[in-house]
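Inspection log for the structure reproduced underneath, given as structure tokens.
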Protein chains: 2
Amino acid sequence: MGRYTTIKDIAKLAGVSHTTVYRALNDKPRISQSTKERIISIAREVNYQPNVLAQSLVLGRTKTLGLVITTIINPFYPELAKGIEDTARSLGYNIILCCTDFDISRESRYIDMLRSRGVDGIIFTSAHTHDPNITRLVKDHFPLILVNRRVYGDPMMDSIDYVVVENAKGGFLAVEHLIKMGHKRIGVISGSPDSSAVVERLEGARKAFIEYGLNSANLLVLEGDFLKRSGYEAARRFLAMADPPSAIFGVNDYMALGAFEAVLDSGLRVPEDIALIGFNNITFSAMKGIELTTIGQKKYEMGSIAVHTLIDKIEGRDREKVKQIALEPELIVRRSCGYHYKGVYRSPSGGPLNIRNLR
Amino acid sequence: MGRYTTIKDIAKLAGVSHTTVYRALNDKPRISQSTKERIISIAREVNYQPNVLAQSLVLGRTKTLGLVITTIINPFYPELAKGIEDTARSLGYNIILCCTDFDISRESRYIDMLRSRGVDGIIFTSAHTHDPNITRLVKDHFPLILVNRRVYGDPMMDSIDYVVVENAKGGFLAVEHLIKMGHKRIGVISGSPDSSAVVERLEGARKAFIEYGLNSANLLVLEGDFLKRSGYEAARRFLAMADPPSAIFGVNDYMALGAFEAVLDSGLRVPEDIALIGFNNITFSAMKGIELTTIGQKKYEMGSIAVHTLIDKIEGRDREKVKQIALEPELIVRRSCGYHYKGVYRSPSGGPLNIRNLR
DNA sequence: TTAGATTGAGTTAACGTTAACGCAAAGGGC
DNA sequence: GCCCTTTGCGTTAACGTTAACTCAATCTAA
């Protein structure tokens, strides 16, 4: 506040036209060295900062990106957001944070707002494989990139850039690990099937069941909402079944950790009584006392790659190329599924295995 | 992209002047009902969205706030940020996310950027009690609010709005709890003394020692950096002492959880061998398997109150009043300090207490 | 010497809004 | 019927940049 110093103020001080000031401050030709220096020193004196709004208006770009996520409360996003923010900053871009809370109409309003504000591009991470908001943006050739999700539907959608982890492969690895640990009946805590990540992880899970000759009827799926509480509730429901699964795969760690609590609250142990595997490898999964086995993905890198790709598009590099990047998932074995030792499956305490439903 | 529909485009379509369009779309008087309706329907047809940049330029406000935090990786901030984002959105404001990574010069550059971008106000959460950046902003009467921190120094600083928790009281409660549990030698994992929250929490801790007649020499302080890893390392150093403390107070949960891991990695148990208390009550502290006793504070509310107060100032309400709000901390007893049962201190397993250094 | 290029500026318009002002036509009160 | 107000517009300028265009003075090359 208190009004800014403008180029015109400096012009007045220096007794020149505002264009001359502009030339001085932006290293443009057609100005003598002496006036240039004089102007620059005046600008420094009054601590001149250009008005980015005015610049944006005339240049038609804001050096700002929108980041659309569901909720920052899900620990997956801060880790992703760090990669995004770091990279954006290093490239001179700012981030406007938008949390949709899983509400597609709120997403829609956010998009309108972001476009009104002239953001140069949008990073989408939230759910919804068939997102009309995205469709519209693509039709308008608005620069965007999807992270950790894909959209289906229009053939046009095939040209959308994205950065994901090989979700199907990750789902496969998770369930394969459980199968190798001897589990034959597995509960999956899924998220909304609107999320491509969920669909693909489930797909991978099923593929593992088939590949290992198991009956898919023993792959039990309950739907959560990606948040911890829903993982808790789903796990309770699994445990209350007449023939409960001996292992649970949470399609994200946050729900898996909810399940972890549910198991303990039920007086059971992880992994002695029930095995647990997650997806994402959020920081807290590694905690002693939890040690969730999970599928790791490079969240920071994903964010960083997304920003680079998006900004490349915005600044006109590789305009034509469609960038669809799938990173490798990685099985991270910790404690929550037990482990093999000398060919024998053991509970982590080293004692004999004690999984009720392990047949 | 693909260029926006502007007010002038609509004017052309409707065969009127752009001012008339403006009047129609903004419910201004001096326009007939019929043209108004005609224009509105055209605007709807072409999906007109006003250019916020242009609006901001002429109105001198952007309906945007800067949110300056250290790093979104610290789980305290997402919870706070949620309150901030929710509230800002509901009041029609956007948030630009700025992570300083504890670097005051990066903070400085961010502030310049935010001001260049004409944000209407800034929310500060990062460290540094004597922050020259803040001093400058206050001198310029730039709207700002501090969350979870205060600044000292200038007498001018007394007029800065802030929302905090009663940190001294929280620190007192934490250490008092440990003392009541029988601990007489306590390690504190502190953060940078540049953080007012840290200073005040330590102050509270010392007050408890004094009030309970303990020797302050038994209040051991090691400095961390607010992140988990540093909590881990500090705890290792405590445990390696010739006469280690029997309890550790982490000035934030994130470091306390690092300490938790360090204790377990050292082959000791929490709380049987060593008690642990944190501060902030982040989501994961409540997890089964961790159950960190901690000082709770209303993070979401803090963010929400901050945004309300800041926007009140921005929009000219209560301009003169200084709003300095301190919320009540709350002791949240879980498992990590053990508990009293029938007047006898017991380890959570219910067996006899086994704290090595409890005298 | 002189046409042509170069230098060092200034003038003007544009970006898309908001808003002050102007002005003719219609309406209203006496 | 006259004056004054109101209505329904249009014109113009402003916000702070960027940038195209203009123009005189100086320099340069034949």
Side-chain angles (χ1 to χ4, degrees), chain A residues 1-40 42-43 46-64 112-120, chain B residues 1-40 42-43 46-64 112-120:
Chain A
M1 305 242 324
R3 231 189 101 265
Y4 242 72
T5 315
T6 73
I7 259 186
K8 285 184 182 167
D9 296 332
I10 298 178
K12 217 164 278 169
L13 289 174
V16 297
S17 78
H18 73 277
T19 310
T20 304
V21 176
Y22 168 68
R23 282 193 267 254
L25 300 180
N26 293 71
D27 256 329
K28 298 286 175 183
R30 322 222 115 207
I31 185 171
S32 73
Q33 194 56 31
S34 60
T35 33
K36 187 168 178 173
E37 279 164 9
R38 194 162 53 87
I39 290 172
I40 288 180
I42 294 178
V46 299
N47 187 32
Y48 170 74
Q49 294 292 131
N51 181 321
V52 176
L53 254 61
Q55 287 181 329
S56 297
L57 189 59
V58 58
L59 294 178
R61 54 108 253 253
T62 52
K63 291 250 181 184
T64 305
D112 285 346
M113 205 186 234
L114 289 173
R115 297 189 70 174
S116 277
R117 271 165 204 261
V119 297
D120 298 334
Chain B
M1 304 238 329
R3 231 188 101 264
Y4 242 73
T5 314
T6 71
I7 260 187
K8 285 184 183 168
D9 296 331
I10 298 178
K12 218 164 277 169
L13 289 174
V16 296
S17 78
H18 72 276
T19 310
T20 304
V21 176
Y22 167 68
R23 282 194 267 254
L25 300 179
N26 293 71
D27 256 329
K28 299 286 175 183
R30 324 221 114 206
I31 184 171
S32 73
Q33 194 57 30
S34 60
T35 31
K36 187 169 178 172
E37 279 164 11
R38 194 163 52 88
I39 290 172
I40 288 181
I42 294 178
V46 300
N47 188 32
Y48 168 76
Q49 294 291 132
N51 181 321
V52 176
L53 254 61
Q55 287 182 328
S56 297
L57 189 59
V58 57
L59 294 178
R61 54 108 253 252
T62 53
K63 290 249 180 185
T64 305
D112 284 346
M113 206 186 235
L114 289 173
R115 297 188 71 172
S116 274
R117 271 164 203 265
V119 297
D120 298 334

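Lettering follows sequence order; numbering is per chain, from 1.
Each of D9(A), T6(A), L13(A) was checked for a side chain to side chain contact (heavy atoms under 4.5 Å, CB included) with V46(A), and the lone residue meeting it is L13(A).
Checking dC9(D), dG16(C), dG16(D) against every side-chain atom of S32(B), the shortest atom distance belongs to dC9(D).
The heavy-atom pair separating A24(B) from I39(B) by the smallest distance is CB-CG2, 3.6 Å. In terms of heavy atoms, T62(B) sits closest to R117(B) at CG2-O, 3.6 Å.
Between the CD atom in Q55(A) and the CG atom in L53(B) there is a gap of 11.0 Å [rounded to 0.5 Å]. Rounding to the nearest 0.5 Å places CG of L114(B) at 11.0 Å from CG of D120(B).
Every residue two or more places apart in sequence or in another chain that forms a side chain to side chain donor-acceptor pair (under 3.5 Å) with S32(A) is listed here: S34(A), T35(A).
Between A54(B) and S34(B), the one whose closest nucleotide on DNA chain D sits nearer the 5' end is S34(B). Where V58(B) and T35(B) each meet DNA chain D at their nearest nucleotide, the meeting point lying more 5' is that of T35(B).
As a whole-Å value, the separation of N26(B) CG from dA19(C) P is 9 Å.
For DNA chain D, the neighbouring residues in residues 11-23 of chain B, judged by any heavy atom under 4.0 Å, are V16(B), S17(B), H18(B), T19(B), T20(B), R23(B).
Contact annotation: Y4(A) side-chain N/O to dT17(D) OP1/OP2 distance is not under 4.0 Å. The phosphate of dG16(C) has neither OP1 nor OP2 within less than 4.0 Å of any side-chain N or O from Q55(B).
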